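To start, the structure under review is shown below, and the notes come after it.
Since the structure is predicted, the reported quantities are computational estimates derived from the model, not experimental observations.
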Amino acid sequence: MGLTLYNTLTRKMEEFKPIEKGRVKLYSCGPTVYEYPHIGNFRSFVFIDLLKRYLLFLGYDVHHVTNLTDVDDKIIARCNTEKVSLKKLTDIYKSAFFEDMEILSIIPADVYPAATDHISDMQELVRILIEKGHAYVTSDGSVFFDISSFKDYGILSKVDLTGSIRTERVLSDEYDKENVHDFALWKGWKEEDGDIWWDSPWGKGRPGWHIECSTMSMKYLGEHFDIHCGGVDLIFPHHENEIAQSVCATGKPFVNMWVHCEHLLVDGTKMSKSLGNYYILQDLLEKGYDPTSIRYLLLTTHYRQKLNLTEEGLRASAGAVERLQDIRLRLEALAGDLVKKHSKTYKEVEDQFINSLNRDLNISEGLAVIFDWIRELNRQIENDNIDRHKAAEAISLLKRFDTVLAVIFKGEIILSDNDRQLIREREEARLKKDWKRADEIRDYFQKISIKLEDTPNGTVVKKV
RNA sequence: GGCGUCGUACCCAAGUGGACUAAGGGAGCGGUCUGCAAAACCGCGAUUCGUCGGUUCGAAUCCGACCGACGCCUCCA
């Protein structure tokens, strides 16, 4: 049995079988670039990264597309209040997004299509939907999708819209739709949109939100692809609407597996600005937590489980990360510059890891496998029971695990020649039992945030 | 109201009806090693899985009720 994942579409665990052998076409919903992404957004992005890294670990050729929503109601509102152009505003938050993604060691998608670069593609899809009788134009120049024209509407979210009640918000909606649940494919221009509009066959206006993901996913991955993922809140209406648009336009199945990530809570409740528990990545970095600990914390809770972010949790993660990184340093001290290719020595450990991750990305169990192995390695090192060849083989497996985790081989320390000389001097001082000089040198390194640890195999250098 | 999730030690967290007298991490306590420090190793730590019932030879796992926390139900990861 290979990788199984929980498919929201069927509400069942399913074995993953790619449409094209050895290749995975993956789409994930990206950010709306009107403010700094918050830590909850990164829970999703780290989950998607885990899924992608594990697919790569299994040897798949992964083709990954993530959209950038750079036009929508909130963006336009901010452009108005801050008197900046759409491009200027979204450029700021696009680069902020990419910076944070890099800080958290998230592998970039192959393509990051932006909505505003695909206006004509979206219009073409809307045109097809009108032509096939799935959409209609209203008097204000908007185009709506007619959900009654798609018999499978509700297939993903299991929402039955015939029994829903009109909410106040819907009743006050200014757009002129035939059915309250019909959603906008194209929004006709309104006064408050200012100069943010594009020409279309239906008059000037701008695209609806859902249409961009249908358009861009199909453009870059084909009309039928393997996995579509995002946060649970996107199941309805966003992903439901994507299915409706795509299936009605092409007449083909759209996505095989829908995989959704649960939300992140902060201090036990939903993050919100008014409660003061709203964090962006920078807030946590400023509190002194390092990116690796943050990534580790976001990674270690199963993706379908709510994750509660606390400062205590961040501290605990730092400890766990240190344990993972320490075994690497110990092994490297033993192996020296000996490098071994991937071998069968620790095959059982790797198989256990794969067994865990194959079961719906059970990372907690996978980490338990790694930690058990680390204790065994440490024991062997204590008992002088491991040679440099085995140590080098262990490093090779540790590196392989870290292609999935991306928390172990981090923070290389670059020492100056002078520093290296000082470390040698300290070794000599220690041999001569000159503890005063040895401690002086250690204090010096402490001041430049480097910790020296003495081991039987020599001095190990760590970041504080 | 509809759809859905969760409740496991001080904290985080896995658990695929039977090897569970319940992984793993963090914190704690005791010990070993060590010039000191750190790391590492060894040991201790849930007679119990929200509560109460039921099914079963057997339940953390299945079923029911209740208690509690939470998500979605028009643009939010």
Side-chain angles (χ1 to χ4, degrees), chain A residues 4 8 11 13 28-32 37-48 69 72-74 154 157-161 163-165 167 169-170 173 175 177 180-184 187 208-210 229-238 240-241 260-265 268-271 296-297 300-302 304-310 312-324 326-327 329-330 355-356 359-360 362-372 374-375 377-383 430 433-435 438-439 442 446 451-456 460 462:
Chain A
T4 55
T8 309
R11 306 277 159 119
M13 299 281 288
S28 56
C29 287
T32 301
H38 57 68
I39 198 66
N41 297 121
F42 287 114
R43 200 262 161 119
S44 282
F45 299 142
V46 167
F47 148 66
I48 292 158
T69 301
D72 88 326
D73 295 4
K74 280 178 295 193
S157 56
K158 319 295 178 206
V159 170
D160 177 10
L161 292 181
S164 301
I165 306 154
T167 64
R169 190 164 176 188
V170 169
D173 197 305
Y175 294 102
K177 355 180 192 174
V180 287
H181 295 296
D182 289 349
F183 57 90
K187 294 183 169 187
W209 175 37
H210 316 296
C229 43
V232 283
D233 55 334
L234 296 180
I235 295 171
F236 189 86
H238 186 53
E240 192 69 63
N241 292 350
H260 292 98
C261 176
E262 249 301 344
H263 274 177
L264 172 142
L265 307 173
T269 54
K270 189 173 178 177
M271 187 162 52
Y296 184 88
L297 184 65
T300 45
T301 296
H302 186 90
R304 285 192 289 120
Q305 187 85 29
K306 285 184 211 35
L307 187 158
N308 186 19
L309 183 99
T310 60
E312 191 180 0
L314 283 165
R315 281 189 294 274
S317 291
V321 164
E322 200 181 343
R323 188 163 162 80
L324 289 166
D326 278 359
I327 187 64
L329 297 173
R330 288 191 101 181
N355 270 330
S356 300
R359 291 204 319 277
D360 201 26
N362 190 334
I363 189 70
S364 311
E365 205 178 87
L367 282 162
V369 170
I370 294 175
F371 280 114
D372 280 339
I374 286 174
R375 184 180 303 106
L377 287 170
N378 271 320
R379 219 179 270 152
Q380 287 174 7
I381 294 169
E382 291 292 308
N383 301 330
R430 289 185 68 236
K433 296 194 192 298
D434 180 358
W435 310 129
D439 289 349
R442 193 166 59 190
Q446 185 69 36
K451 191 160 78 174
L452 299 185
E453 292 184 9
D454 301 319
T455 75
V460 170
K462 285 191 199 175

Check every strand shown and say whether [X] touches a base, only sugar-phosphate, or nothing at a heavy-atom separation below 4.0 Å.
X         : result
Ile381(A) : nothing
His238(A) : nothing
Asp372(A) : sugar-phosphate
Ser157(A) : sugar-phosphate
Leu234(A) : sugar-phosphate
Asp182(A) : base
Lys451(A) : sugar-phosphate
Gly230(A) : sugar-phosphate
Asp439(A) : base
Glu312(A) : sugar-phosphate
Phe371(A) : sugar-phosphate
His38(A)  : base
Ile48(A)  : nothing

Please report the distance separating the [atom1] of [N] from the corresponding atom of [M], rounded so that it comes out in whole Å.
N      : M      : atom1 : answer
A38(B) : A27(B) : P     : 13 Å
A9(B)  : C3(B)  : C1'   : 34 Å
U21(B) : A60(B) : C1'   : 14 Å
C62(B) : U55(B) : C1'   : 8 Å
G45(B) : U5(B)  : P     : 37 Å
U8(B)  : U51(B) : P     : 10 Å
A37(B) : U48(B) : P     : 40 Å
G50(B) : G18(B) : C1'   : 25 Å

At under 4.0 Å, does any side-chain N or O of [X] touch on OP1 or OP2 of [N]?
X         : N      : answer
Arg304(A) : C70(B) : no
Asn378(A) : A40(B) : no
Asn362(A) : G15(B) : yes
Arg375(A) : G25(B) : yes
Lys270(A) : C72(B) : yes
Arg379(A) : C42(B) : yes

Spacing between [X] atom [atom1] and [N] atom [atom2], to the nearest angstrom:
X         : N      : atom1 : atom2 : answer
Asn41(A)  : A77(B) : CG    : P     : 5 Å
Arg315(A) : C12(B) : CZ    : C1'   : 12 Å
Arg442(A) : G35(B) : CZ    : P     : 12 Å
Glu262(A) : A69(B) : CD    : C1'   : 12 Å
Phe236(A) : C3(B)  : CZ    : P     : 14 Å
His302(A) : A23(B) : NE2   : C1'   : 16 Å
Ile327(A) : A38(B) : CD1   : P     : 19 Å
Gln380(A) : C41(B) : CD    : P     : 12 Å

Check your understanding: Using 30° and 60° as the class limits, which term best fits the ring planes of Phe183(A) and His210(A): parallel, tilted or perpendicular?
Key -> perpendicular

Taking atom types as they are modelled, would you say the side chain of [X] forms a donor-acceptor pair with the base of [N] within the 3.5 Å cutoff?
X         : N      : value
Lys158(A) : C72(B) : no
Asp454(A) : C36(B) : yes
Arg330(A) : A39(B) : no

Practice item. Identify, with sequence neighbours excluded, every residue that meets ring-ring contact (aromatic ring centres under 6.0 Å, His included) alongside Phe47(A). Key: Tyr303(A)

Point to revise | Residue whose closest nucleotide on RNA chain B lies nearer the 5' end, Gly231(A) versus Leu307(A) | key: Leu307(A)

Check your understanding: On RNA chain B, nearest-nucleotide positions of Glu453(A) versus Arg43(A): which is more 5'?
Key -> Glu453(A)

Can you tell me how far apart [atom1] ([X]) and [atom2] ([Y]) are? Round to the nearest 0.5 Å.
X         : Y         : atom1 : atom2 : result
Trp435(A) : Arg430(A) : CH2   : CZ    : 6.0 Å
Ile39(A)  : Leu264(A) : CD1   : CG    : 7.0 Å
Cys29(A)  : His238(A) : SG    : NE2   : 3.5 Å

Exercise for review: Step by step, work out the side chain to side chain contact (heavy atoms under 4.5 Å, CB included) result for Arg304(A) and Cys261(A).
Suggested key: CA-CA 5 Å; Arg304(A) 285 192 289 120; Cys261(A) 176; over 6 Å; no

Check your understanding: Counting side-chain heavy atoms from C-beta on, which of A13(B), A77(B), G35(B) comes nearest to Asp233(A)?
Key -> A77(B)

Point to revise | Trace of the side chain to side chain contact (heavy atoms under 4.5 Å, CB included) decision for Asn355(A) with Val369(A) | key: CA-CA 10 Å; Asn355(A) 270 330; Val369(A) 170; over 6 Å; no

**Study point:** Paired stretches of RNA chain B - 3 or more consecutive Watson-Crick or G-U pairs, each distance under 3.5 Å
**Key:** B:1-7 with B:67-73, B:10-12 with B:24-26, B:28-32 with B:40-44, B:50-54 with B:62-66

Practice item. Would you indicate whether the side-chain heavy atoms of Tyr296(A) and Leu367(A) approach each other to under 4.5 Å? Key: yes

Point to revise | Min side-chain heavy-atom separation Thr301(A)-Arg43(A) under 4.5 Å | key: yes

Point to revise | Note: Asp326(A)-Arg323(A) ion pair, threshold 4.0 Å (strictly below) | key: no

Give me, pair by pair, the N or O atoms of the protein and of nucleotides 32-34 of chain B that are less than 3.5 Å apart, along with how far apart they are.
none

Exercise for review: Please test Met13(A) against Asp360(A) for side chain to side chain contact (heavy atoms under 4.5 Å, CB included), starting from the C-alpha separation and ending with a verdict.
Suggested key: CA-CA 8 Å; Met13(A) 299 281 288; Asp360(A) 201 26; 3.5 Å; yes

**Study point:** Stacking of Trp435(A) on G35(B) base (centres under 5.5 Å, planes under 30°)
**Key:** yes

Exercise for review: Could you check Val159(A) against Glu240(A) for side chain to side chain contact (heavy atoms under 4.5 Å, CB included), going step by step and ending with a plain yes or no?
Suggested key: CA-CA 9 Å; Val159(A) 170; Glu240(A) 192 69 63; 5.7 Å; no

